Amino acid sequence: MTAKLRNTSGASIIIALVFFLICAIIGSVVLTAASVQAKAAQTHTTAQRQEYAVSSAASVWADQLGKASVTWTYASNDQTKTPSASVTGSDFAKALWDKYASDAWSVYKSRTGDPLVIGRDDPFTFKSGDVSGFQTMYGVVSIDSDFNVSVELSTDSHMAPDTEYNLTVFLQCIPTYDFQGALKKIEWDAPVITKTEALAKDGGK
């Protein structure tokens with residue numbers, strides 16, 4: 001029985017082409033995976049940086065406001081009029097209470113439940129630790145009728161509620177009264193920092 005002759009001169013070329021095609025596919029997959037990984041790492045670094053900036057800002061705001069105290073002095077012991085406020089604490093706390101103490105007192109006396117909102121249209125700006133490269137933080141301060149203080153912090157100048165890493169600093173007021181029941185002094189308990197679920201949408205000063 002005579003064996004059939006077969007021409008295999010082109011087989012090596014086909015095998016080589018298939019091999020290079022497989023290598024090209026593998027290389028493409030590896031490059032795509034590396035690109036995705038690099039982008040994910042960059043995004044993670046940016047997110048960590050933002051989170052650290054907001055957390056640092058929250059800690060500083062808490063320290064600035066939490067160590068303050070306000071002593072009320074009634075003119076001629078007349079408790080029907082707004083007393084003058086004497087503030088101790090950081091420069092920021094002094095500036096805040098010197099400017100808004102009378103407005104906060106009006107909220108306290110009205111007991112309407114509507115807080116004094118400071119900076120809603122023009123948020124305070126703050127650069128965490130003044131560290132070069134950290135983005136500017138924005139803050140809105142709210143003082144309720146019990147003198148509890150809330151500070152909303154965001155990396156967004158419009159204080160958008162869906163911005164990542166929005167935080168709220170809450171300070172519970174500790175009041176001191178005299179024997180006649182008149183409010184004489186307000187201080188604040190240790191601050192509580194939480195992730196902001198939703199920012200207030202009502203206007204403020």
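Values in this document were obtained by computation on a predicted structure and should not be read as measured data. Residues: numbered from 1 along the sequence shown.
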Can you tell me how far the [atom1] atom of [X] sits from the [atom2] atom of [Y], to the nearest 0.5 Å?
| X | Y | atom1 | atom2 | result |
| --- | --- | --- | --- | --- |
| E187 | I174 | CD | CD1 | 6.5 Å |
| D156 | N166 | CG | CG | 7.5 Å |
| R120 | S142 | CZ | OG | 6.5 Å |
| L183 | T176 | CG | OG1 | 8.0 Å |
| T155 | Y138 | OG1 | OH | 9.0 Å |
| L21 | I26 | CG | CD1 | 10.0 Å |

Is there a donor-acceptor pair closer than 3.5 Å between any side-chain N or O of [X] and the backbone N or O of [Y]?
| X | Y | result |
| --- | --- | --- |
| N148 | C173 | yes |
| Y100 | A95 | no |
| D103 | I118 | no |

Which pair of heavy atoms, one from [X] and one from [Y], lies closest together, and at what distance?
| X | Y | answer |
| --- | --- | --- |
| Y74 | K81 | CD2-O, 4.4 Å |
| L171 | G66 | CD2-CA, 3.3 Å |
| A62 | V169 | CB-CG1, 3.8 Å |
| T88 | S69 | OG1-OG, 2.5 Å |
| P123 | S157 | CG-O, 3.6 Å |
| A93 | V87 | O-CG1, 4.0 Å |

Is the shortest heavy-atom distance from the side chain of [X] to the side chain of [Y] under 4.5 Å?
| X | Y | value |
| --- | --- | --- |
| P175 | K185 | no |
| T194 | L167 | no |
| P83 | T73 | no |
| P115 | I143 | no |
| V141 | V149 | yes |
| V151 | L65 | yes |

Group every Ile, Leu, Val, Met, Phe, Trp and Tyr by side-chain heavy-atom contacts under 4.5 Å, then state whether [X] and [Y] land in the same group.
| X | Y | result |
| --- | --- | --- |
| Y177 | I186 | yes |
| W188 | F124 | yes |
| W97 | V60 | yes |
| F170 | M159 | no |

Task: More than 12 heavy atoms from other groups under 6.0 Å of CG on D122 - done: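 For D122, atom CG is not crowded (no more than 12 foreign heavy atoms under 6.0 Å).
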Open item on the list: We want to know whether T168 and S150 form a side-chain donor-acceptor pair, criterion being a heavy-atom distance below 3.5 angstrom.
Closed with: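 Judged by distance alone, the side chains do not pair up.
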Task: Test item: side-chain donor near acceptor, Q64 and S90, under 3.5 Å - done: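 The answer is yes; a qualifying pair exists.
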TODO: Scan for salt bridge (Lys or Arg N to Asp or Glu O under 4.0 Å) pairs involving residues 55-71, sequence neighbours excluded, and state none if there are none.
DONE: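 Qualifying pairs, neighbours excluded: D63-K67.
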Task: Check against side chain to side chain contact (heavy atoms under 4.5 Å, CB included), D114 and V107 - done: CA-CA 7 Å; D114 296 326; V107 171; over 6 Å; no
- [ ] Begin from the C-alpha positions of V117 and V140 and carry the test side chain to side chain contact (heavy atoms under 4.5 Å, CB included) through to its verdict.
- [x] CA-CA 7 Å; V117 183; V140 174; 3.7 Å; yes
Task: ring pair (Phe, Tyr, Trp, His ring centres under 6.0 Å) partners for W72, two or more places apart - done: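 Result, ring pair (Phe, Tyr, Trp, His ring centres under 6.0 Å) vs W72: W105, F147.
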